[in-house]
Amino acid sequence: MPGPLLRRRDLLAGALFAASGRLAISKLTSRKHSIQNRDYLFLEIETDGGITGLGEGSISGRIEIVEKAIEWFTPFLTGKDPAGIEDHWNRNYYELSRYRDGSVLMTALAAVDIALWDIAGKRLGEPVWRLLGSSAAKPMRVYYSHWSQGLEPRTPERLAELAARTREAGWSCIKWVLPKGGTEPERLRRLVAEVEAVRRGGGPELEIGLEMWETFTVRSAIDFANAVAPFHPLFIEEPTWREMPQALGEIAAKSPVALAGGEGLVSRYEFKHLLDARGARILQPDVIHCGGITEIRKIASLGEVYGAEMAPHMYYGPVAHVASLQSMAGLRSFLMQEWDAGMEGTFTGITRGTFPLARKGQVTLPDKPGLGLEMDWAELDRRFPYRSQSLRPPGGR
């Protein structure tokens, strides 16, 4: 079977390292695939000792550029010992260029960082969560994201029925993207009707997150928050442009519902602006956009000083899902993580069954070394060839 063979290979590689005391990065390989309407970019970092680390650099509409950025990082990694992850991160971010930030470069840096953590765990024979300070693989809370995405027809009655079934299945929290379209009063009435229906169907124990998708003004966001407050949503997410932390702070100050945000912020420096503006009580950094496991831990530490909780954003592939949850291990400020539950079957099939599944709204991380994932590249090549699904023609047509 592939799994036991792979584990024996990693053990032999670890034994080789123990005997020689040396390991060096020999090759970086990126792999692109399209699943449904999303593009995914995975990274393998190979070493001369036979240990290979997995990373992911998926990003909506930009993976071709991320792939080039990884190629740019490659000569600065090849031949170096993969250990000393902090040294690698500092060099790649601070020393290689003063033009160092932005979502593309930070996603490429994250792919490298995650793969180095995977190597570190395999090298030491320990899961990443243990390297980060957790004593045990404890169940970690996740919420069902993109929950009602495929519901047709979309009516309050159907939403109430779906909420009841979801709660019966053991989920304790859901989130959906608020539909757009219509005049502002029409949209407000429709959205409030949706929230009321979900609360009625799911009952008081089903927590609700509302993805506002940066489609409100300061004024309309405050109106919406007041309108849905009687139904006790857990949070409203990014009601207006994430580039305006001061505007988010104004909404938060007047909203009876907590604000969440940060999926598009790519460093602790950007999160500090959001925190100083008091624009979010729940932080949602994305591990594959904010520089990887190394940086998301620093964002969490910064947020803790402000009393903020962590609920990382997640929209991407199996490596990203697992790396993000591993990064939250042992953190007191961890609230829950976004979980794309509709993709679990696909992710299980392309990881030889190693992708951890949600059970009653919780995920327990594997105790295998590193991230604990085994990618089936042949299956990915066969079922999900790259089609550039997220590329848009000029003019947005």
Side-chain angles (χ1 to χ4, degrees), residues 60-61 101-103 143 145-148 154 156 159 173-199 207-286 289-290 299 302-303 305-313 315 333 335-336 338 396:
S60 299
D101 54 4
S103 58
Y143 67 86
S145 187
H146 311 103
W147 165 74
S148 59
R154 187 185 183 90
L159 285 164
C173 186
I174 58 174
K175 186 183 82 175
W176 71 96
V177 178
L178 300 180
K180 295 175 282 186
T183 66
E184 188 176 287
E186 288 171 345
R187 187 186 186 207
L188 183 62
R189 285 194 298 270
R190 185 172 72 252
L191 300 183
V192 172
E194 285 200 359
V195 178
E196 187 278 332
V198 172
R199 172 57 67 223
E207 292 191 295
I208 295 171
L210 300 170
E211 167 62 89
M212 300 177 74
W213 230 52
E214 302 178 294
T215 57
F216 289 73
T217 65
V218 172
R219 173 191 52 78
S220 63
I222 294 169
D223 287 345
F224 175 77
N226 283 308
V228 298
F231 308 111
H232 305 290
L234 178 64
F235 63 80
I236 55 177
E237 179 178 334
E238 292 193 332
T240 197
W241 300 111
R242 58 177 66 119
E243 290 92 340
M244 302 191 299
Q246 73 283 357
L248 291 166
E250 182 179 349
I251 296 169
K254 299 176 181 179
S255 170
V257 183
L259 262 64
E263 70 180 71
L265 306 184
V266 297
S267 72
R268 75 200 91 137
Y269 304 106
E270 292 186 354
F271 272 92
K272 188 174 188 304
H273 294 310
L274 180 65
L275 289 162
D276 284 341
R278 303 189 183 280
R281 299 179 199 172
I282 299 171
L283 303 184
Q284 299 174 309
D286 191 308
H289 297 331
C290 73
I299 292 167
L302 174 66
V305 175
Y306 288 79
E309 297 172 288
M310 293 290 286
H313 172 261
Y315 177 74
S333 59
L335 176 64
M336 66 179 85
E338 185 170 12

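Among pairs with a residue in residues 220-235, those fulfilling side chain to side chain donor-acceptor pair (under 3.5 Å) read T217-S220, at least two apart in sequence or across chains.
Listed by chain and number, the residues in a salt bridge (Lys or Arg N to Asp or Glu O under 4.0 Å) with R187 amount to none (sequence neighbours excluded). Residues meeting the salt bridge (Lys or Arg N to Asp or Glu O under 4.0 Å) test with E270, sequence neighbours left out: none. Looking at residues two or more places apart in sequence or on another chain, you find a side chain to side chain donor-acceptor pair (under 3.5 Å) between E238 and R242. Under the side-chain contact (heavy atoms from CB on, under 4.5 Å) criterion, Y269 pairs with Y93, Y94, S267, not counting sequence neighbours. Legend: residues meeting ring-ring contact (aromatic ring centres under 6.0 Å, His included) with F216, ordered by chain and number and at least two apart, are F224. Evaluation of the salt bridge (Lys or Arg N to Asp or Glu O under 4.0 Å) rule for R190 yields no partner, not counting sequence neighbours. Remark: A225 engages I236, S255, P256 in a side-chain contact (heavy atoms from CB on, under 4.5 Å) (not counting sequence neighbours). Every residue was checked against the salt bridge (Lys or Arg N to Asp or Glu O under 4.0 Å) condition with E309, not counting sequence neighbours, and none meets it. The side-chain contact (heavy atoms from CB on, under 4.5 Å) test applied to P233 returns I208, L210, V228, V257, not counting sequence neighbours. Looking at residues two or more places apart in sequence or on another chain, you find a side-chain contact (heavy atoms from CB on, under 4.5 Å) between Q246 and M244. In this structure, the ring-ring contact (aromatic ring centres under 6.0 Å, His included) partners of Y315, at least two apart in sequence or on a different chain, are H146.
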